[in-house]
Amino acid sequence: MAIGSLARRKASTILSSRYLKYSFSLSRGYASGSDENDVVVIGGGPGGYVAAIKAAQLGLKTTCIEKRGTLGGTCLNVGCIPSKALLHSSHMYHEAQHSFASHGVKFSSVEVDLPAMMAQKDKAVAGLTRGIEGLFKKNKVNYVKGYGKFLSPSEVSVDTVEGGNTIVKGKNIIIATGSDVKSLPGLTIDEKRIVSSTGALALTEIPKKLVVIGAGYIGLEMGSVWGRLGSEVTVVEFASDIVPTMDGEVRKQFQRSLEKQKMKFMLKTKVVSVDTVGDSVKLTLEPAAGGEQTTLEADVVLVSAGRVPFTSGLGLDKIGVETDKAGRILVNERFASNVPGVYAIGDVIPGPMLAHKAEEDGVACVEFIAGKEGHVDYDLVPGVCYTHPEVASVGKTEEQVKALGVDYRVGKFPFLANSRAKAIDDAEGIVKVIAEKGTDKILGVHIMSSNAGELIHEAVLALNYGASSEDIARTCHAHPTMSEALKEAAMATYDKPIHM
């Protein structure tokens with residue numbers, strides 16, 4: 001068996017060399033003043049607030065600056081959390097409409113109370129943001145509400161939400177300002193008829209026709225929400241595939257599943273223009289390779305073409321922090337920029353733009369500042385699309401393994417052959433395990449199923465410890481559970497499955 005040990009390897013941050021600009025050691029910049037912090041974090045999102053809490057736990061005097069006035073960043077306020085609330089609520093409605101009767105649960109009628117659905121979402125967000133403030137108090141993190149920008153490498157000027165200004169000093173300053181919606185040329189987002197994900201989370205009516213520009217995770221998730229609630233959803237994507245980072249075989253099954261849910265796709269299609277006409281929106285489209293133009297009308301258009309790092313207006317040019325063409329801050333393996341004492345984490349640096357990746361960055365960065373060793377392996381950051389079924393993955397896709405020229409084996413197991421999935425009548429999906437042929441070391445795992453986002457972490461742990469497919473296959477899994485499908489797929493990788 002190919003079991004490695006995380007404890008046996010030196011704790012260090014593993015960053016692909018293509019992400020790094022600076023490999024030299026940087027000294028810290030110090031400012032004078034009795035109110036000086038050991039650590040100042042600009043940004044209170046998943047990366048920022050976690051970094052602030054960890055710094056305080058390590059005994060460092062810490063201040064966190066957040067312009068929104070509520071902690072949690074995009075993820076908690078207008079991203080991950082509210083979208084998952086609506087995904088769950090809309091799924092419950094869809095199940096009541098289409099599945100409850102087959103389970104012997106019948107209603108004379110079922111309807112959507114959109115204000116109540118939105119209120120539940122807002123309640124969850126409010127509770128969690130207050131929870132982070134409570135964690136700040138518990139860990140003695142100073143919290144400053146306002147927009148921060150650099151005066152010097154050790155001073156941040158904050159325009160507070162109350163209308164005043166204050167100067168926050170720090171020996172070490174961490175930039176954790178996250179990302180913003182990527183706009184498209186000639187398109188103005190008004191958050192009413194042409195919306196970003198923020199506006200899509202706050203619609204006051206269910207649109208009859210919704211067009212989603214971009215077939216990435218966010219676009220498909222929000223399209224799923226409104227599609228379940230009754231919208232006719234069309235996804236327009238410039239590329240030839242949805243979610244291009246996803247394993248090709250799984251992606252094809254995923255698209256077929258979404259199409260069965262009446263989501264329409266226009267791939268290899270370019271949006272030429274978007275115009276508001278009366279109460280509707282008119283899109284002019286043409287093939288990505290060029291050709292005859294067509295039009296498409298919608299009540300609401302969701303722009304979901306990706307995100308860009310939020311680094312403008314921070315005064316980075318004033319202190320000389322170097323960025324790349326995309327606006328990302330260039331850092332070394334310790335998250336240090338080229339300016340001594342200034343660090344960056346999360347969406348503002350290269351790597352996956354994911355909340356959980358930002359959290360890991362925050363912890364590792366602070367550990368380095370405190371003189372310890374941090375660890376983040378970007379190759380083992382799981383990704384999840386929270387539709388139904390969900391799609392979750394970790395490690396390499398089959399296409400990536402082929403490109404590397406590695407001899408490999410693939411084991412697959414369908415949820416149609418899983419006892420628990422059949423018992424609950426939710427058996428759409430598959431587990432796919434990719435392992436190196438000679439050593440049986442797992443290279444990647446891809447799962448499409450309900451709760452795939454929960455099932456993937458056994459695979460994440462396995463890859464972290466260098467496990468083989470046989471290691472998972474010989475691990476006893478409780479019966480009946482959905483996780484048995486991963487065991488069977490692992491059995492199919494190194495030998496043969498039992499239940500197929």
Closest non-hydrogen contact found for Lys84 with Tyr386 is CE-CD1, 2.9 Å

One should read off an interatomic distance between Phe254 CZ and Glu390 CD, to the nearest 0.5 angstrom, of 9.5 Å

The side chain to side chain contact (heavy atoms under 4.5 Å, CB included) partner of Val321 among Leu316, Thr311, Leu314 is Leu316

Practice item. Please step through side chain to side chain donor-acceptor pair (under 3.5 Å) for the pair Glu428 and Ser449, ending with a clear verdict. Key: CA-CA 6 Å; Glu428 184 177 19; Ser449 73; over 6 Å; no

Could you tell me if Lys67 sits above the aromatic ring of Phe310, with its cationic atom closer than 6.0 Å to the ring centre and no more than 45 degrees from the axis? yes

Side chain to side chain donor-acceptor pair (under 3.5 Å) for Tyr378 and Asp361? Distances and angles first, verdict last. CA-CA 10 Å; Tyr378 285 179; Asp361 284 355; 2.8 Å; yes

Closest non-hydrogen atoms of Leu201 and Gly79, given as atom of the first, atom of the second and distance, are CD1-N, 4.0 Å

Could you walk me through whether Lys145 and Glu162 pass the salt bridge (charged side-chain N to carboxylate O under 4.0 Å, His left out) check? CA-CA 8 Å; Lys145 298 180 180 181; Glu162 292 85 4; over 6 Å; no

Asp190 side-chain N/O to Arg193 backbone N/O, donor-acceptor pair under 3.5 Å = yes

When rounded to the nearest 0.5 Å, the distance separating OG1 of Thr387 from CZ of Arg228 is 7.0 Å

**Item:** Close side-chain approach of Val342 to Ile175, heavy-atom, < 4.5 Å
**Value:** yes

With the threshold set at 4.0 Å, does a side-chain nitrogen-carboxylate oxygen contact exist between Asp159 and Lys149?
yes

ask   = Would Arg251 and Asp247 satisfy salt bridge (charged side-chain N to carboxylate O under 4.0 Å, His left out), going step by step from the backbone distance to the final call?
value = CA-CA 6 Å; Arg251 178 176 59 229; Asp247 181 86; over 6 Å; no

Distance col, row Ser89:OG vs Leu229:CG, nearest 0.5 angstrom, shows 8.5 Å

Value for OG (Ser197) from CD1 (Ile218), rounded to nearest 0.5 Å, stands at 5.0 Å

Between Gly395 and Leu463 the two heavy atoms that sit nearest each other are CA-CD2, 3.8 Å

Given the options Leu60, Ile173, Thr63, Asn37 meets side chain to side chain contact (heavy atoms under 4.5 Å, CB included) only with Thr63

When rounded to the nearest 0.5 Å, the distance separating NE2 of His446 from CD1 of Ile430 is 11.0 Å

Query raised in the report: In terms of side-chain heavy atoms, does Glu155 have a donor or acceptor partner in Ser152 at a distance below 3.5 Å?
Result: yes

- Apply salt bridge (charged side-chain N to carboxylate O under 4.0 Å, His left out) to the pair Lys61 and Asp38, showing each step before the final yes or no. CA-CA 5 Å; Lys61 182 180 179 182; Asp38 296 307; over 6 Å; no

Before you tell me yes or no, could you show the steps for Asn77 and Thr129 under side chain to side chain donor-acceptor pair (under 3.5 Å), namely the whole-Å CA-CA distance, both residues' side-chain angles and the distance that decides it to 0.1 Å? CA-CA 8 Å; Asn77 289 275; Thr129 55; 5.5 Å; no

Apply the test salt bridge (charged side-chain N to carboxylate O under 4.0 Å, His left out) to residues Glu373 and Arg334: give CA-CA distance (whole Å), side-chain angles for both, the deciding distance (0.1 Å), then the verdict.
-> CA-CA 9 Å; Glu373 292 292 326; Arg334 291 175 173 262; 3.3 Å; yes

### Query
Counting only heavy atoms not in His88, do more than 12 fall under 6.0 Å of its NE2?
no

In terms of heavy-atom contacts, Ser83 and Glu221 come closest through OG-OE1, 4.2 Å

